[in-house]
Amino acid sequence: MSQTASQPNVEPAGDGVPPHRYTPALAQQIELSWQDRWEADGTFHTPNPTGPLSSGFEKVADRPKAFVMDMFPYPSGAGLHVGHPLGYLGTDVTSRFLRMDGHNVLHPMGYDAFGLPAEQFAVQTGQHPRITTEANIAAIRAQLRRLGVDHDDRRSFATIDPGYYRWTQWIFLQIFGSWFDPDAGKARPIEDLIAGLDAGTRAPAAGTNPSGRPWAELDEVERRKVVDAHRLAYLHQAPVNWCPGLGTVLSNEEVTPDGRSERGNFPVFRRPLTQWMMRITAYADRLLDDLDRLDWSDSLKLMQRNWIGRSTGARIGFSCGERTIEVFTTRPDTLFGATYMVLAPEHPLVSSLAAAAWPDGTDPRWTGGAATPAEAVEAYQRQASRRSELDRQDAGREKTGVWLGVTAVNPVNGRELPVFIADYVLTGYGTGAIMAVPGEDTRDYEFAEVFGLPVVRTVQPPVGFDGGAYTGAGPMINSANEEISLDGLDKVTAIATITDWLVEHGHGEATTTYKLRDWLFSRQRYWGEPFPILYDENDLPVAVPASMLPVLLPEVDDYSPKTFADDDATSAPEPPLSRATEWTTVELDLGDGPRTYRRETNTMPNWAGSCWYYLRYLDPSDDERLVDPELERYWLGPQSPGDVGGVDLYVGGVEHAVLHLLYARFWHKVLFDLGHVSSEEPFRRLVNQGYISAFAYTDERGFYVPAAEVVENSGQFFHEGKPVSREYGKIGKSLKNMVTPDDMIGAYGADTFRVYEMSTGPLDQSRPWETKAVVGSQRLLARIWRVVVDEQTGVVRAADGEPDEETLRVLHRTIAGVRDGFATLRFNIAIARITELTNHLTAAYGAKAPVPRTVAEPLVLLVAPLAPHIGEELWSRLGHDSSLAWHAFPVADERWLVEDTVQVAVQVNGKVRAQVTVPADADAAALEAAARADEKIAGHLDGATVRRVVAVPGRLVNFVLG
RNA sequence: GCGGGAGUGGUGUAACGGCAGCCACGCCAGACUUAGGAUCUGGUGCCUUCGGGCGUGCGGGUUCGAUUCCCGCCUCCCGCACCA
């Protein structure tokens with residue numbers, strides 16, 4: 001098996017080019033040959049400790065494991081451009097390095113294949129989305145193979161495989177079948193809840209029992225509704241993001257800040273609809289707190305923290321006639337400064353609170369020009385619902401609102417506070433109602449100005465403060481009643497004091513709220529996982545038994561949901577599956593005799609399949625269970641007490657910071673609570689790879705011209721002789737700056753492409769693409785080739801002799817540097833060190849003397865993770881029968897990392913004035929003596945007073961003159 | 001507006017608080033060439049009176065010494081944004 005790729009039929013490379021030069025044609029020949037051999041030999045098959053993939057595990061049983069993973073791609077029809085492989089190559093280099101360095105490495109790849117583009121293509125063409133999706137997967141798989149990545153191909157799958165989504169449905173049933181026990185702080189099986197309710201040891205949670213009657217008195221249907229309201233997956237009628245243009249509802253995360261759909265950019269409206277929700281809010285604290293235990297970038301953690309948006313404060317009740325208005329505030333200390341109240345226009349109390357008529361002397365600004373409060377409210381609510389999210393969130397807009405004609409009572413001082421509705425108060429956050437403190441809140445101050453409301457300061461602003469609201473720190477003022485006084489207190493003490501008082505008098509309590517909302521989990525699409533849910537004759541949801549999974553996606557004639565005019569806010573969703581009439585109705589015996597059930601016709605959102613795919617890699621053939629616990633413990637389990645476990649390196653784009661990464665953590669924690677996994681988190685270490693952008697060029701008319709045809713001439717850019725202007729942006733067809741990996745592999749080979757991508761900066765850094773610079777990587781590989789192979793004869797040139805000491809020092813410095821670069825994902829510094837070694841060998845040995853084998857072999861091993869094909873080829877030519885993929889990575893010998901003598905800089909007053917060479921172990925005194933002996937330094941010191949001498953052994957000497 | 005990150009040659013970048021610019025692209029020169037958009041070798045931060053001087057966005061500070069640490073400002077990028 002030691003035959004090499006290039007022995008026969010190398011074509012003459014052209015006039016003057018040596019026949020055995022490392023040309024792109026030779027590189028491609030070598031690459032294809034080694035890709036075939038890796039596949040035939042199963043070189044990258046990773047052994048599991050047990051089960052069907054465990055063959056060969058004894059070879060690696062004593063190795064530490066390393067689970068290295070990419071965010072799997074969505075198989076779009078557009079194929080890959082040069083920006084896509086950056087992360088894939090980063091994990092590939094890492095996994096190859098770790099394998100050589102003695103780890104059992106799992107580096108798999110799969111496909112996230114449900115989703116909108118394939119469905120929309122299917123709607124246009126009538127072709128089943130599975131057909132296009134599978135064709136796209138095959139194309140991307142071929143592209144990845146041609147890059148030489150070391151994925152274990154036995155472990156690949158797509159989320160659309162019934163054998164996969166069967167378990168996606170199974171997990172849904174686990175979530176549906178459990179509730180969050182606030183006492184235990186974790187999910188538990190729903191049967192435990194029912195047992196507690198039956199035994200009377202547990203009462204229905206607040207808001208789950210509308211009738212208010214005791215559990216024991218409820219009938220069967222009422223009980224089921226109470227239980228269903230506790231589930232982690234539950235049906236809920238609430239305002240959701242309805243997108244008529246797409247014909248589906250969307251999660252908050254899928255709606256852009258300006259109130260449009262992330263996909264398609266259609267307007268989104270808030271509409272009350274009954275939909276499946278997942279109770280991710282129950283996990284808000286754990287999702288937040290466990291971020292501290294993850295090796296993720298600070299910026300990414302911050303994005304999740306902001307999205308979860310925990311804030312602590314108080315809930316305070318304000319009496320308003322017969323009713324109580326509950327508000328949430330983070331500043332209960334400013335309660336004495338509340339001068340009015342505001343409800344969100346959609347607040348449920350609004351209509352019942354509105355007065356019958358305006359009191360005499362009502363400020364005309366407060367009525368909205370309406371004859372009665374009811375009319376004013378109705379008009380304002382209509383206006384608010386029509387207003388797009390963009391308008392409504394524009395903080396710069398003048399405040400609007402109307403008075404309800406009533407007042408509420410400030411519990412702390414009895415002050416009568418007029419109650420308004422205004423759209424600057426959001427219905428979904430806190431209680432949807434606020435106490436307005438214009439003295440210390442900018443928005444309240446703006447509203448108070450427009451409506452002529454009083455301002456009471458309760459925090460002393462600094463002298464000279466002439467702004468409106470004062471939001472800074474300062475002592476409390478104007479904050480006392482007969483029982484308590486906050487005056488003079490600081491903010492923290494005042495909050496504690498007033499909160500105690502509120503609790504004592506039954507007016508409120510300390511509380512925490514979150515920006516995070518429950519996850520809207522149903523979509524009115526065809527191309528997604530069907531819900532394993534049936535509805536019985538009471539229209540209540542029933543789980544499909546696990547034994548009957550998967551619920552297969554039925555064939556339909558029309559893949560599109562009914563869509564509507566973009567702005568038709570009152571339209572209602574109609575999922576494609578509802579038209580599969582033979583499928584929607586089913587007769588089953590679920591243990592109580594045959595009955596007729598109606599199937600859930602929504603499908604799961606795009607994110608469902610990516611929530612757990614890392615578990616499936618452990619054994620994608622498992623039909624018995626979600627994952628073998630032994631495999632999960634081995635690959636994902638905690639590595640030490642307190643460790644969260646999870647994938648050891650997860651690389652992907654930052655665009656998933658609050659979508660996929662939050663949802664997957666949530667599912668994983670539910671699975672952990674229910675005992676299906678031993679790890680608390682799915683992704684221990686996460687790195688966001690940078691983006692590759694490219695220059696694009698426009699002509700005088702502003703049209704893009706093909707970037708590949710633009711030439712530069714002394715700083716100016718020209719296309720067909722005419723000047724063009726340069727822009728910088730995404731790679732793609734629209735900017736006419738598309739460059740594909742296939743283009744680069746065709747021109748240079750995969751190894752050169754890999755080395756170039758890795759050389760342009762640390763993995764997490766974004767960078768521009770520059771095709772003309774790729775040749776530098778090609779030159780490097782050609783020089784390495786020339787170290788081992790004679791370009792004229794093709795004969796291997798490695799010598800048996802010993803390298804000189806200087807070469808050994810460079811070699812071992814290189815080994816240390818390359819290891820550092822690989823370990824920290826700074827492949828650019830690894831390549832710089834390899835280049836130095838190569839350049840040194842070229843200069844020291846040149847074309848005449850062969851490089852000693854003891855240096856040439858480590859060089860090949862060092863470059864192999866980056867450029868595996870040329871690595872294998874040279875390794876093979878050096879006489880090794882087996883792949884270097886499993887050969888030990890070189891280890892630096894400390895002996896050669898320390899120099900005998902070192903050059904140290906000599907500074908005078910911090911400026912370098914000379915270099916002296918001293919023994920490496922010279923102490924400070926010897927260093928100073930050597931420095932003083934230098935002519936230049938002696939000149940500088942002559943006649944001056946040396947106030948101080950700083951001598952750092954091995955580094956420098958600094959004379960400080962007085 | 002709030003929060004985070006980043007500013008180093010023409011370009012991508014590199015430097016345990018210790019000689020700023022490793023490595024590469026580009027550019028310049030040379031070699032080999034009928035030729036060079038191949039390959040190889042050398043040079044390449046700026047200024048210079050050739051002694052040297054100045055240089056890591058700007059201004060301060062800490063230090064014997066700052067690209068690195070601290071403070072303020074400017075610019076760019078990212079995230080969030082009427083979240084009470």
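Throughout, protein chains are lettered first and strands after them, A, B, ... in sequence-line order, and every chain is numbered starting at 1.
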Original post:
Is A:Arg783 near enough to B:C23 that one of its side-chain N or O atoms lies under 4.0 angstrom from OP1 or OP2?
Top reply: no
**OP:** Between A:Asp298 and A:Gly432, just flag the one whose closest nucleotide in RNA chain B comes earlier from the 5' side.
**Re:** A:Asp298
**OP:** Look at the rings of A:Phe822 and A:Phe827 and say which category their plane angle falls in: under 30° parallel, 30 to 60° tilted, over 60° perpendicular.
**Re:** tilted
Original post:
Any donor-acceptor pair under 3.5 Å joining the side chain of A:Lys515 to the base of B:C80?
Top reply: no
Original post:
What interatomic distance, in whole Å, is found between P of B:C46 and the corresponding atom of B:U34?
Top reply: 36 Å
Subject >> Atom-to-atom span, CG of A:Asn958 to P of B:A66 - whole angstrom >> reply: 10 Å
**OP:** Name the residue closer to the 5' end of RNA chain B, choosing between A:Val952 and A:Asp441 according to the nucleotide with the nearest heavy atom.
**Re:** A:Val952
Original post:
Contact class for A:Ser777 (heavy atom, under 4.0 Å): base, sugar-phosphate, or nothing?
Top reply: nothing
Original post:
Between B:C82 atom P and A:Met435 atom CE, what is the distance in whole Å?
Top reply: 20 Å
**OP:** Determine which bases of RNA chain B form Watson-Crick or G-U wobble pairs with both distances under 3.5 Å, and write the result as a 5' to 3' dot-bracket string with | for other-strand partners.
**Re:** (((((((..(((.....[....)))((((((.......))))))(((....)))..(((((..]....))))))))))))....
Original post:
Looking at the angle O4'-C1'-N9-C4 for a purine or O4'-C1'-N1-C2 for a pyrimidine, is B:G43 syn or anti, with syn meaning within 90° of 0?
Top reply: anti
Original post:
Which value, in whole Å, describes the distance between the P atoms of nucleotides B:G30 and B:G36?
Top reply: 12 Å
Original post:
Does A:Gln907 put a side-chain nitrogen or oxygen below 4.0 Å from OP1 or OP2 of B:C64?
Top reply: no
**OP:** Please say whether more than 12 non-hydrogen atoms of neighbouring residues, nucleotides or ligands are located less than 6.0 Å from CG in A:Asp298.
**Re:** no
Subject >> Distance in angstrom units between A:Lys772 NZ and B:A24 P, rounded >> reply: 17 Å
**OP:** Starting at atom CG of A:Leu659, determine the distance to atom P of B:C80, rounded to an integer number of angstrom.
**Re:** 10 Å
Original post:
Does OP1 or OP2 of B:C25 have a side-chain N or O of A:Arg779 closer than 4.0 Å?
Top reply: yes
Original post:
Ring centroid separation for A:Phe420 and A:Phe451, is it under 6.0 angstrom?
Top reply: yes
Subject >> Rounded interatomic separation in angstrom, taking CG from A:Leu300 and P from B:C77 >> reply: 21 Å
**OP:** Syn or anti for B:G60, please, going by whether the chi angle lies within 90° of 0.
**Re:** anti
**OP:** Quote, to the nearest angstrom, the C1' distance that separates B:A66 from B:G57.
**Re:** 16 Å
Subject >> Ring-face cation of A:Arg726 near A:Phe695 (centre distance under 6.0 Å, axis angle within 45°) >> reply: yes
**OP:** Determine: side-chain N/O of A:Arg767 to OP1/OP2 of B:A6, distance under 4.0 Å, yes or no.
**Re:** no
Subject >> Presence of donor-acceptor pair under 3.5 Å, side chain of A:Arg833 and base of B:C23 >> reply: no
Subject >> Short side-chain N/O contact to B:A84 OP1/OP2 from A:Ser311, under 4.0 Å >> reply: yes
**OP:** Would you classify A:Asn839 as touching base, sugar-phosphate or nothing, given that sugar-phosphate means primed atoms plus P, OP1 and OP2, and contacts are heavy atoms under 4.0 Å?
**Re:** sugar-phosphate
**OP:** Would you mind classifying the nucleic acid contact of A:Ser759 as base, sugar-phosphate or nothing, using non-hydrogen atoms under 4.0 angstrom?
**Re:** nothing
**OP:** Check the distance between B:A84's C1' and A:Ile434's CD1 and give it to me in whole angstrom.
**Re:** 6 Å
Original post:
Separation of A:Phe695 atom CZ from B:G12 atom P, in whole Å?
Top reply: 8 Å
**OP:** May I have the distance from A:Leu956 (atom CG) to B:U63 (atom C1'), rounded to whole angstrom?
**Re:** 13 Å
Original post:
If you check every side-chain atom of A:Pro762, which of B:G18, B:C82, B:U13 has the closest atom?
Top reply: B:U13
Subject >> Under-4.0 Å side-chain N/O to phosphate OP1/OP2 contact, A:Arg786 with B:C40 >> reply: yes
**OP:** Considering only NZ, NE, NH1 and NH2 on the basic side and carboxylate oxygens on the acidic side, decide whether A:Arg826 and A:Asp820 come within less than 4.0 Å.
**Re:** yes
Original post:
Between A:Lys399 and A:Phe447, is NZ or CZ placed under 6.0 angstrom from the six-membered ring centre and within 45° of the ring axis?
Top reply: no
Original post:
Do the ring planes of A:Tyr429 and A:Phe328 sit parallel (below 30°), tilted (30 to 60°) or perpendicular (above 60°)?
Top reply: perpendicular
Original post:
For the base of B:C80, is there a side-chain donor-acceptor partner from A:Asn306 under 3.5 Å away?
Top reply: no
**OP:** Determine the interatomic distance between C1' on B:G53 and the same-named atom on B:U39; round to the nearest Å.
**Re:** 40 Å
Subject >> Shortest side-chain distance from A:Glu770, nucleotide among B:C25, B:A84, B:A15 >> reply: B:C25
Subject >> Partners meeting side-chain hydrogen bond (donor to acceptor under 3.5 Å, both in side chains) with A:Asp934 (sequence neighbours left out) >> reply: none
**OP:** Using the C1' atom on both, measure B:C28 against B:C19 and round to a whole Å.
**Re:** 27 Å
Original post:
Quick check: are there more than 12 heavy atoms from other residues, nucleotides or ligands sitting under 6.0 Å from NZ of A:Lys301?
Top reply: yes
**OP:** Answer yes if the ring centres of A:Trp769 and A:Tyr728 are under 6.0 angstrom apart, and no otherwise.
**Re:** no
Subject >> Same-atom distance (C1') from B:A81 to B:C47, integer angstrom >> reply: 49 Å
Original post:
With a 4.0 Å cut-off on heavy atoms, is A:Arg913 in touch with a base, just the backbone sugar-phosphate, or nothing at all?
Top reply: sugar-phosphate
